[in-house]
Number of protein chains: 2
Amino acid sequence: MDRSMGNKSLLKTAEAEKISHLDYFKIAISVDCVILGYEQQELKVLLIKSDLKEFSNLYSLLGDLVNPDEDLDAASYRILRERTGLDDIFLQQVHTFGTINRHPSGRVITTAYFALLDINNVKLKINNNHLHWHPVNDIKKMAFDHKTILDTCLHRLREQVMEHPVVFNLLPEKFSLRELQELYEAILNTELDRRNFRKKMAIKDWLHDLDEMEVDVPHRPGKLYKLKTVLRKKSGQKKVEKV
Amino acid sequence: MDRSMGNKSLLKTAEAEKISHLDYFKIAISVDCVILGYEQQELKVLLIKSDLKEFSNLYSLLGDLVNPDEDLDAASYRILRERTGLDDIFLQQVHTFGTINRHPSGRVITTAYFALLDINNVKLKINNNHLHWHPVNDIKKMAFDHKTILDTCLHRLREQVMEHPVVFNLLPEKFSLRELQELYEAILNTELDRRNFRKKMAIKDWLHDLDEMEVDVPHRPGKLYKLKTVLRKKSGQKKVEKV
DNA sequence: TCAAAAGTGTTGACTTTACACCCATGA
DNA sequence: TCATGGGTGTAAAGTCAACACTTTTGA
């Protein structure tokens, strides 16, 4: 950012600039988190009932204003921690939504993140306002522009899922290949061929064979795997592919 | 965004909420544009000398604070228009940078966009502050966190270039396959095989054969093409690929 | 006639898809 | 013994990478 346009290269100090810009500190910024979990072969998102009259009976994502002394990313981690009690979580920034009238309280620009977590690790912190896990395929209308935000984040997730080992954040540490495949199918909303899926996973070399078996399944138990330790990471970064 | 945490589902009006949030309107938001052009087989970015003492002699991207009554995207189009006089330009949001101390004047969160334009169409509007086109491969240090922003945008551009018909925004309307290939090579920083490149373009079916030839080249002239009209677009949106 | 780039196909390696059978386990 | 999913291989189609020669034009 550089507001130098039209002034004739007079150097200003940052402090002087600050004063001349007070007018602009009239926009609030928030973060909104698409917190995703996976349960009963369904992808679910953590929602809360909006407490604004304008949106009564609609659900919204979890978000909050960013504090002036808080990094943007830190704000999203704070939301997660406050709501789920979890701290070491996969989180990725997706897009910033900034139309003028997206928030009825005033000018609020929001940066959307998605988070992936193991739903069984979560004890929801405060259980009022209908905080709950909601199947993502079962959402028509939301408060604010949150439906758009949700869709944008799901789109991004789908783009990444085959290239980057991210979805493992949705599973318990140990899982079978069937569970993993079902998760992919839930995310991509499609069916996958079992043999081809297993081949693909073998090629990616993401998994570590635990030499353990499923227990308490009503059929032949499958092998258990975990994500290779080197691939675990808290936030996603992408690599450029060679063309 | 929903600040309902911990309150016992008392509905508030947006107006009431606005008042209680005044404290938070202490963050400014800006947009920064990585404005890219292509000239002499080089990718270039439009830079200006920073007018902050803290960054004297460093260049910065073109950006500005977002006005309270201006959409975020509109702000980036405004920057472009002010600096280049161009209006109908490819522009894409990339990432929002929000660490506390990234701007010495105070808390400024910035959303980065990249723009692609035909450098020959541009008459730079105000030519002070060393506004100029700078080869992207020749930049080490920039004001603020602008080097990171630039790198992030270039990374995103490289990711998109083979999947989406975006780079055509950098070329004149009519171009030869050689020119197009040289552009791809400049963006990707690599050499491409001519035959394979032409095959790939043929498969993508992005180009319309104009039945015209290059003129004034000191060798056998090549055919001229233009991007198919249906594929022209001002801002980029991605599609999910089927897996 | 020379220099420069245009234009063009094939082969081998690899990747992706489609598809079916026997096996191990728990009920 | 039955139901359920585990586990596995192959062939055909398609994609990708490497590679060289002839043609056209302007100088």
Side-chain angles (χ1 to χ4, degrees), chain A residues 38 40-42 158-159 161-165 171-172 174-186 188-226 239-243, chain B residues 38 40-41 158-165 171-172 174-186 188-226 239-243:
Chain A
Y38 174 68
Q40 287 155 345
Q41 277 127 283
E42 273 189 316
R158 289 183 188 120
E159 282 179 344
V161 115
M162 280 300 177
E163 311 309 321
H164 306 277
L171 291 174
K174 302 176 181 186
F175 51 84
S176 68
L177 286 172
R178 174 181 40 78
E179 290 171 308
L180 184 60
Q181 181 177 341
E182 283 167 356
L183 171 56
Y184 272 93
E185 290 175 337
L188 297 170
N189 247 316
T190 185
E191 300 215 333
L192 301 172
D193 178 85
R194 185 155 45 111
R195 280 166 294 186
N196 292 340
F197 178 79
R198 283 161 189 245
K199 252 180 293 173
K200 191 170 278 185
M201 281 300 138
I203 289 166
K204 300 256 184 234
D205 197 30
W206 289 343
L207 301 183
H208 178 234
D209 183 341
L210 288 168
D211 268 320
E212 290 178 56
M213 292 292 181
E214 285 182 299
V215 288
D216 286 330
V217 285
H219 53 75
R220 173 176 173 184
K223 279 182 162 183
L224 290 176
Y225 296 82
K226 73 181 182 76
K239 283 169 212 135
V240 178
E241 274 111 63
K242 173 86 177 152
V243 182
Chain B
Y38 174 67
Q40 287 154 343
Q41 276 127 280
R158 289 186 186 118
E159 281 179 345
Q160 304 212 349
V161 116
M162 279 301 178
E163 311 310 321
H164 305 279
L171 291 175
K174 302 177 180 185
F175 50 85
S176 68
L177 287 172
R178 175 181 38 80
E179 289 170 310
L180 184 61
Q181 182 178 341
E182 283 168 356
L183 170 56
Y184 271 93
E185 291 176 337
L188 298 169
N189 246 318
T190 186
E191 300 215 335
L192 301 172
D193 178 85
R194 187 155 41 111
R195 279 166 294 188
N196 291 340
F197 178 79
R198 284 163 187 243
K199 251 179 293 174
K200 192 171 276 184
M201 281 300 139
I203 289 164
K204 300 261 183 230
D205 197 30
W206 288 345
L207 301 184
H208 178 235
D209 183 341
L210 288 169
D211 268 321
E212 290 178 57
M213 291 293 179
E214 284 180 301
V215 286
D216 287 330
V217 286
H219 54 74
R220 173 175 173 183
K223 279 183 162 182
L224 290 176
Y225 296 83
K226 71 181 183 77
K239 285 169 209 133
V240 177
E241 273 110 66
K242 175 82 179 156
V243 182

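Given the structure is predicted, the values throughout are model-derived calculations rather than measurements. As a basis for the values below, the full set of heavy atoms in this structure was taken, side chains included, without hydrogen atoms, waters or symmetry mates. To find a chain, count down the sequence lines: A is the first, B the second, and so on, and within it residues start at 1.
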Which part of the nucleic acid, if any, lies within contact of B/R198, taking any heavy atom under 4.0 Å across all strands shown: a base, the sugar-phosphate backbone alone, or nothing?
->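 Touches a base.
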A correct 5'-to-3' footprint of nucleotides 19-27 of chain C, with B, S and - meaning base, sugar-phosphate only and no protein heavy atom under 4.0 Å, is BB--BBBS-
What's the [atom1]-[atom2] distance between [X] and [N], to the nearest Å?
| X | N | atom1 | atom2 | result |
| --- | --- | --- | --- | --- |
| A/L192 | C/dA18 | CG | P | 11 Å |
| B/F197 | D/dA18 | CZ | P | 16 Å |
| A/I203 | C/dC14 | CD1 | P | 12 Å |
| A/E182 | D/dG6 | CD | P | 8 Å |
| A/E163 | C/dT15 | CD | C1' | 13 Å |
| B/M201 | C/dT8 | CE | C1' | 17 Å |
| A/M162 | C/dT17 | CE | P | 10 Å |
| B/D216 | D/dA27 | CG | C1' | 13 Å |

B/Y225 side chain vs B/W206 backbone, donor-acceptor pair below 3.5 Å |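 No, because the side chain of B/Y225 does not come within donor-acceptor range (under 3.5 Å) of the backbone of B/W206.
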Hey, what do you get for [atom1] ([X]) to [atom2] ([Y]), rounding to the nearest 0.5 Å?
| X | Y | atom1 | atom2 | answer |
| --- | --- | --- | --- | --- |
| A/L180 | A/E185 | CG | CD | 10.0 Å |
| B/R178 | B/E214 | CZ | CD | 4.5 Å |
| A/D193 | A/K199 | CG | NZ | 7.5 Å |

Do A/M162 and A/K200 have side chains that get closer than 4.5 Å, going by heavy atoms?
->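 Yes, their side chains come closer than 4.5 Å.
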Whether over 12 other heavy atoms sit under 6.0 Å from B/K174 NZ =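 Not more than 12 within 6.0 Å, no.
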